[in-house]
2 protein chains.
Amino acid sequence: MTISLTEENYLKAIYSLSSSSVDEAISTNQISDKLNIKAATVTDMLKRLSEKKLINYIPYRGVKLNEKGKQTAVKVVRKHRLWEVFLVEKLNFKWDEVHEIAEQLEHINSDELILRLDKFLGKPKFDPHGDPIPDAKGLLNVVKAVALNKHKTKSEFIFVGVTEHSKSFLQHLTAIGLKIGDTLKIEDINDFDNSFKVKINKHNTRFFSNKVAANILVDIKK
Amino acid sequence: MTISLTEENYLKAIYSLSSSSVDEAISTNQISDKLNIKAATVTDMLKRLSEKKLINYIPYRGVKLNEKGKQTAVKVVRKHRLWEVFLVEKLNFKWDEVHEIAEQLEHINSDELILRLDKFLGKPKFDPHGDPIPDAKGLLNVVKAVALNKHKTKSEFIFVGVTEHSKSFLQHLTAIGLKIGDTLKIEDINDFDNSFKVKINKHNTRFFSNKVAANILVDIKK
DNA sequence: AATATTTTTTAGCCTAACCTAAAAATTTAT
DNA sequence: ATAAATTTTTAGGTTAGGCTAAAAAATATT
Ligand SMILES: [Mn+2]
Ligand SMILES: [Mn+2]
Ligand SMILES: [Mn+2]
Ligand SMILES: [Mn+2]
């Protein structure tokens, strides 16, 4: 039984929606919004994925991935993130340029290729956006990082990832001069608009809107 | 106007058929045989490619690529061969393992990616099977190599490529111990079955069936 | 030149993956 | 507990890319 590119994209979407709302069923409309595909079409596909035993679908009640479906989705995510590492580390793309190309490459079907690509890249644990790369068994380092705007303390943080992957957001961070691994220290939070005054690498002071801060993931520096 | 994966495969097939019979129109049946798609389906597609101004198609008279179609086909070939070099040179695949994966990778759509991949690989001129890689402008080193079995002389040759790309043939050459770049000297041609007795790199004597010799391309050693 | 064979096209069908409009089920508000 | 609003499904349509069977055109044989 073969899984089409389109089916892979539906599974990936359901997987991604599931990880933000743990253990709850995903609705037709959520998938429709995420993929920009009309709800009626999504219903069609859910029936087909259910037929193929990749999901548990109850009409009107939503959908969950089963083991097979989750495995398939995680594999696509693994491929996506490995290819992003390849594009940045080996071909010198910038982190805001790789997502669209990886959207294509993630559907290339060859286990041997993933295996060798992973080895060639030195078995990376994270992609250029700080997202964890599932291992060959589908196991994934859960990232316990928290968005910068959830913190109020003036302690030091390390910038470990982003939750938004749009070109404009990533380019904005590059323009500010912020890269993954940088040290961040909250110096002030403005009462008026909840914007952040932050010191980067103990050198440069920058201001982040709350929206920017909400999409920056940090670990507390030890 | 976007060109689908399927359309790319038809254009590539027509291109490949054209290079063996220069300047003659390609028939519906030739394409049907090459792609293992029924002739009626091919006719359908030829009408569509003609609509899209990628080919010159005259019903009952066959088809030729026009400039646009040729350009598209050559670009797919360029991508295919660059990816094969990547797989062999960087990921250590064997030359008989890469074709199927390259059949997928050749459809990844990103000019910037081809550009950077080419640079990363050191702008290679030939793929692992000795096939020339078209440059960014679509220009191609014409290979003037001749099949070994066309030669009768006992002079020395260099093995520069293969005309057959099947796994079984390539594995056979590997088993014999023959690699691209090796020196070949015809020691004898058997009257009975036209098989070749050949010395490889002045060391090892091997016997090639005429069919094998027909698929080995050689240059005369200077 | 007429007939037989081969090649190609046309006609009619199918499936995957999309769509819109309408109906049905569920959820929310009164 | 109804009624209104929202969500989801069903019904019917489209396009790309495949198929088979039959018709038409081109080519080969007598
Ligand atoms: Mn991405
Ligand atoms: Mn990423
Ligand atoms: Mn190949
Ligand atoms: Mn090749």
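Protein chains get the first letters and strands the later ones, always in sequence-line order, with residue 1 at the start of each.
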Next item on the list: Using side chain to side chain contact (heavy atoms under 4.5 Å, CB included) as the criterion, list what pairs up with A/His151, not counting sequence neighbours.
Entry: A/Val146, A/Phe157, A/Ile186, A/Val218, A/Ile220

Checklist line | A/Lys12 side-chain N/O to A/Val77 backbone N/O, donor-acceptor pair under 3.5 Å | finding: no

Notebook entry, point to check: What distance do B/Asn9 atom CG and B/Ile14 atom CD1 have between them, rounded to the nearest 0.5 Å?
Noted result: 11.0 Å

Checklist line | Short side-chain to backbone donor-acceptor contact, B/Asn210 and B/Asn194, under 3.5 Å | finding: yes

Could you run down the sub-3.5 Å N/O contacts of the protein with nucleotides 11-16 of chain D?
none

Next item on the list: Return the minimal non-hydrogen interatomic distance between A/Gly161 and A/Ile180, and the atom names on each side.
Entry: CA-CD1, 4.1 Å

Next item on the list: Supply the atom-to-atom distance A/Trp95 CH2 to A/Lys167 NZ, rounded to the nearest 0.5 angstrom.
Entry: 13.5 Å

Next item on the list: For DNA chain C, find the residues of residues 101-109 of chain B with a heavy-atom distance under 4.0 Å and give them by number; none if there aren't any.
Entry: none

Next item on the list: Keeping the roles fixed (side chain from A/Lys79, backbone from A/Ile114), state whether a donor-acceptor pair exists under 3.5 Å.
Entry: no

Notebook entry, point to check: Residues two or more places apart in sequence or in another chain: which of them pass side chain to side chain contact (heavy atoms under 4.5 Å, CB included) with B/Val88?
Noted result: B/Val98, B/Pro128

Notebook entry, point to check: Parallel, tilted or perpendicular: which describes the rings of A/Trp83 and B/Phe86, with under 30° parallel and over 60° perpendicular?
Noted result: tilted

Item checked: Selection: residues 54-66 of chain B, any non-hydrogen atom under 4.0 Å of DNA chain C -> B/Tyr57, B/Pro59, B/Tyr60

Notebook entry, point to check: Roughly how far, to the nearest 0.5 Å, is NZ of A/Lys68 from CD1 of A/Ile3?
Noted result: 5.0 Å

Notebook entry, point to check: Under the ring pair (Phe, Tyr, Trp, His ring centres under 6.0 Å) rule, what pairs show up with a residue in residues 99-150 of chain A, not counting sequence neighbours?
Noted result: A/His80-A/His99, A/His129-A/His165

Next item on the list: Could you list where the contact with chain B starts and ends along DNA chain C, reading 5' to 3', using a 4.0 Å heavy-atom cut-off?
Entry: C/dT7 to C/dT10

Next item on the list: Could you tell me the separation between the CD atom of B/Glu51 and the P atom of D/dG17, rounded to a whole number of Å?
Entry: 14 Å

Next item on the list: Could you list all the side-chain hydrogen bond (donor to acceptor under 3.5 Å, both in side chains) pairs where at least one residue sits in residues 108-123 of chain A, not counting sequence neighbours?
Entry: A/Lys75-A/Asp111, A/Arg78-A/Asp118, A/Glu112-A/Arg116

Side-chain donor-acceptor contacts of residues 50-62 of chain A below 3.5 Å, not counting sequence neighbours, with atom names and distances?
residue	atom	partner	partner atom	Å
A/Lys52	NZ	A/Thr2	O	2.7
A/Lys52	NZ	A/Glu7	OE1	2.8
A/Lys52	NZ	A/Glu7	OE2	3.0

Checklist line | Rounded distance in Å - CG (B/Leu35) to C1' (D/dG18) | finding: 13 Å

Margin query: I want to confirm an ordering. Mapping A/Thr41 and B/Thr41 to their closest nucleotides on DNA chain C, which one lands closer to the 5' end?
Written below: B/Thr41

Next item on the list: Could you list the residues that satisfy side chain to side chain donor-acceptor pair (under 3.5 Å) with A/Ser195, not counting sequence neighbours?
Entry: A/Asp193

Check: Which parts of residues 17-29 of chain B get close to DNA chain D, meaning a heavy atom less than 4.0 angstrom away?
Finding: none

Show me the donor-acceptor pairs within less than 3.5 Å that the side chains of residues 31-47 of chain A make with the rest of the protein, sequence neighbours left out.
residue	atom	partner	partner atom	Å
A/Ser32	OG	A/Ile37	O	2.7
A/Lys34	NZ	A/Ser16	OG	2.6
A/Thr43	OG1	A/Ala39	O	3.2

